[in-house]
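Encoded as structure tokens, the structure appears first; notes follow it.
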Amino acid sequence: MRRNDTRRRDFGRTRRCAAALALAALALLATACGKEGSPPVKGPQPDQLPVYQVDTGFQLPDSPTWRKAKNRGHLVVGVKEDQPYLGEKDPASGLYSGFDIEIARMMSASLGFDPKTIVFRTVASANRETALQNGQIDYYVGTYTINDLRKRQVGFAGPYYIAGQSLLVRAKDTDIDGPQDLDGKKVCSAAGSTPLQRIEREYPKAVAVAYDTYSICVDNLLSLQVDAVTTDDTILMGYAAKVPTELKVVGKPFSKEPYGIGVPRGDNALRFALDDALVAHEKNGDWKKAYDATLGLSGVPAPPPPPVDRYPAG
Ligand code: GLU
């Protein structure tokens, strides 16, 4: 299921089975809730998604990543596969959908590659830098916070959205309303993520629990193994929308998570081309259309896109 996530290969069989069972339980729960009359889970409708104009004459000879993709004939883009409204893989069709996926498609069209030809590769939070450094992916679009530490390892185009860290708890929970209530509580997040680091650094009395993905954290929350899941509000709202009778997002966001498109460090030509492409798609309305058809379905109206930070080459 997560063939390309190198970390998972190291996992023991028991843990893999447990994770698969838990994911299946979440899927069943979602179906069951649907049957019981809760509102149907809305997903991106393909006919509402914008069609991005492919820039067929586009050339970027200064970018080694672009040249390699040109020789190959298509782009390989790293994404998430278990984040509703952002990056989600349909297990039946194998198709990816969500706001991050749309951003990846817009960028592909601007770089001269038909978005239909993109090969998406699921890469977990902890493996993003390595995947970019090893050339396993050309760029990465998956709730990837831009920060100075990561900028030492990779480059970032964008930001294209600003999220904020928040908390997901069971719907019946009345104890947790914000990070100040986490003392002694088990809080789950993804390895290698900024929300996990923030909990460990700023809320040391919370008991941090790390897994590869947030969906495993959500399964642990539903099966009472942990008390809360913490990551970006965008991601948590998607899980809550899947099972609104079981889960809720609480409190106010307590960080700023500017989402960038990760590129191999030093490929400034690619980074600047993606910055230009973002600005163009924000101007021509694609960004908003894509948002409305994906992340907007979780109930938050489209904010104005944040200004692109075209930081100097280096
Ligand atoms: N935006 C945060 C990060 O990049 C959390 C989401 C994620 O792990 O992708 O670490």
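Keep in mind it's a predicted model, so treat the numbers as computed, not measured.
- Formation of a donor-acceptor pair under 3.5 Å by the Arg152 side chain with backbone atoms of Leu149 is not found in this model.
- Listed here is the closest heavy atom pair of Ala269 and Leu60: O-CD2, 3.8 Å.
- The local environment of NZ in Lys151 is crowded, with over 12 non-hydrogen atoms from other residues, nucleotides or ligands closer than 6.0 Å.
- Other residues, nucleotides and ligands place more than 12 heavy atoms under 6.0 Å from the NZ atom of Lys68.
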Decide side chain to side chain contact (heavy atoms under 4.5 Å, CB included) for Leu278 and Met107; before the verdict, give the C-alpha distance in whole Å, the side-chain angles of both, and the deciding distance to 0.1 Å.
-> CA-CA 7 Å; Leu278 271 176; Met107 298 302 103; 3.8 Å; yes
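- Heavy atoms only, all atoms of each residue included: Pro264 and Leu270 are closest at CD-CD2, 4.3 Å.
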Verdict with supporting geometry, Val308 and Asp275, side chain to side chain contact (heavy atoms under 4.5 Å, CB included) = CA-CA 7 Å; Val308 160; Asp275 280 339; 3.4 Å; yes
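- Clustering ILVMFWY residues whenever any of their side-chain heavy atoms sit less than 4.5 angstrom apart, transitively, puts Tyr214 in the very cluster that holds Val243.
- Between Asp276 and Arg310, at least one side-chain N (NZ, or NE/NH1/NH2) sits under 4.0 Å from a carboxylate O, which counts as a salt bridge.
- When side chains are defined from C-beta on, Leu49 counts as touching Thr294, because their heavy atoms get closer than 4.5 Å.
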Side chain to side chain contact (heavy atoms under 4.5 Å, CB included) evaluation trace for Leu295 with Val300 | CA-CA 8 Å; Leu295 199 49; Val300 180; over 6 Å; no
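- To the nearest 0.5 Å, atoms CG (Leu182) and CG (Asp175) are separated by 10.5 Å.
- With contacts defined as side-chain heavy-atom distances shorter than 4.5 Å, the pair Asp227/Val169 does not qualify.
- Taking Asn284 as the reference, Asp286 meet the side chain to side chain donor-acceptor pair (under 3.5 Å) condition, with sequence neighbours excluded.
- By the side chain to side chain donor-acceptor pair (under 3.5 Å) test, Asp267 pairs with Ser63, Thr65, sequence neighbours left out.
- Closest approach of Pro301 and Gly299 over heavy atoms only: CD-O, 3.5 Å.
- Judged by distance alone, with hydrogens and angles left aside, the side-chain atoms of Arg128 form no donor-acceptor pair with the main-chain N or O of Gly78 at under 3.5 Å.
- With sequence neighbours left out, Lys288 forms a salt bridge (charged side-chain N to carboxylate O under 4.0 Å, His left out) with Asp292.
- Looking at Thr145, Asp232, Thr194, Thr230 one by one, the single match for side chain to side chain donor-acceptor pair (under 3.5 Å) with Gln165 turns out to be Thr230.
- With rounding to the nearest 0.5 Å, the separation of CD1 in Ile118 from OG in Ser108 is 4.0 Å.
- Between the side chain of Asp100 and the main chain of Thr143, a donor-acceptor pair closer than 3.5 Å is present.
- Side chains of Leu111 and Tyr139 form a contact here, defined as non-hydrogen atoms less than 4.5 Å apart.
- Residue pairs that meet the disulfide bond (SG atoms under 2.5 Å apart) test with at least one member in residues 161-207, sequence neighbours left out, are Cys188-Cys217.
- Every pair passing side-chain hydrogen bond (donor to acceptor under 3.5 Å, both in side chains) that includes a residue from residues 50-60 is listed here, sequence neighbours excluded: Tyr52-Glu102.
- Taking the six-membered ring where the residue is Trp, Tyr144 and Tyr140 present perpendicular rings, their angle passing 60° and hence far from 30°.
- At a threshold of 4.5 Å between side-chain heavy atoms, the hydrophobic network of Ile, Leu, Val, Met, Phe, Trp and Tyr places Val77 and Leu95 in two separate groups.
- The aromatic rings of Tyr259 and Tyr161 sit tilted, their planes meeting at an angle between 30° and 60°.
- When all heavy atoms of Leu274 and Ala157 are compared, the closest pair comes out as CB-CB, 3.6 Å.
- Here disulfide bond (SG atoms under 2.5 Å apart) pairs that include residues 49-121, with residues two or more places apart or in two chains, number zero.
- Counting all heavy atoms, side chain and backbone alike, Pro50 lies closest to Lys289 at CG-CB, 3.7 Å.
- If you take CD1 on Ile235 and CD on Glu257, they are separated by 9.0 Å, rounding to the nearest 0.5 Å.
- Comment: Arg72 engages Asp138 in a salt bridge, judged by a side-chain N to carboxylate O separation of less than 4.0 angstrom.
- Met106 and Val279 fall within a single hydrophobic cluster, where Ile, Leu, Val, Met, Phe, Trp and Tyr side chains are chained together by heavy-atom contacts under 4.5 Å.
- In this structure, the side chains of Ser298 and Thr234 stay at 4.5 Å or more apart for every pair of heavy atoms.
- Closest approach of Ala208 and Ile199 over heavy atoms only: CB-CG2, 4.3 Å.
- Geometric assessment of Lys89 against the ring of Phe120 yields a negative cation-pi assignment under the 6.0 Å and 45° thresholds.
- With values rounded to the nearest 0.5 angstrom, Asp233 atom CG is found 8.0 Å from Ser255 atom OG.
- Note that CG of Leu86 is 14.5 Å distant from OH of Tyr96, once rounded to the nearest 0.5 Å.
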Begin with the C-alpha distance, continue with both residues' side-chain angles, and end with the deciding distance and a verdict on side chain to side chain donor-acceptor pair (under 3.5 Å) for Arg121 and Gln136.
-> CA-CA 9 Å; Arg121 199 164 271 183; Gln136 290 158 348; over 6 Å; no
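- Side-chain atoms of Arg150 do not come within 3.5 Å of backbone N or O of Phe156 as any donor-acceptor pair.
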Working for side chain to side chain contact (heavy atoms under 4.5 Å, CB included), residues Leu168 and Leu221 | CA-CA 9 Å; Leu168 182 76; Leu221 180 63; 4.0 Å; yes
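- Ring pair Tyr85/Phe99: centre-to-centre distance not below 6.0 Å.
- The side-chain heavy atoms of Ile261 and Ile103, taken from C-beta on, include a pair separated by under 4.5 Å.
- By the criterion of side-chain heavy atoms lying less than 4.5 angstrom apart, applied directly or through intervening Ile, Leu, Val, Met, Phe, Trp or Tyr residues, Leu222 is not grouped with Leu167; the two fall into different hydrophobic clusters.
- Under the 4.5 Å side-chain heavy-atom criterion for Ile, Leu, Val, Met, Phe, Trp and Tyr, Tyr211 and Tyr239 are members of the same hydrophobic cluster.
- Between atom CG of residue Leu75 and atom CZ of residue Phe113 there is a gap of 4.5 Å, rounded to the nearest 0.5 Å.
- The neighbour count for Lys186 NZ, taken as heavy atoms of other residues, nucleotides or ligands under 6.0 Å away, does not exceed 12.
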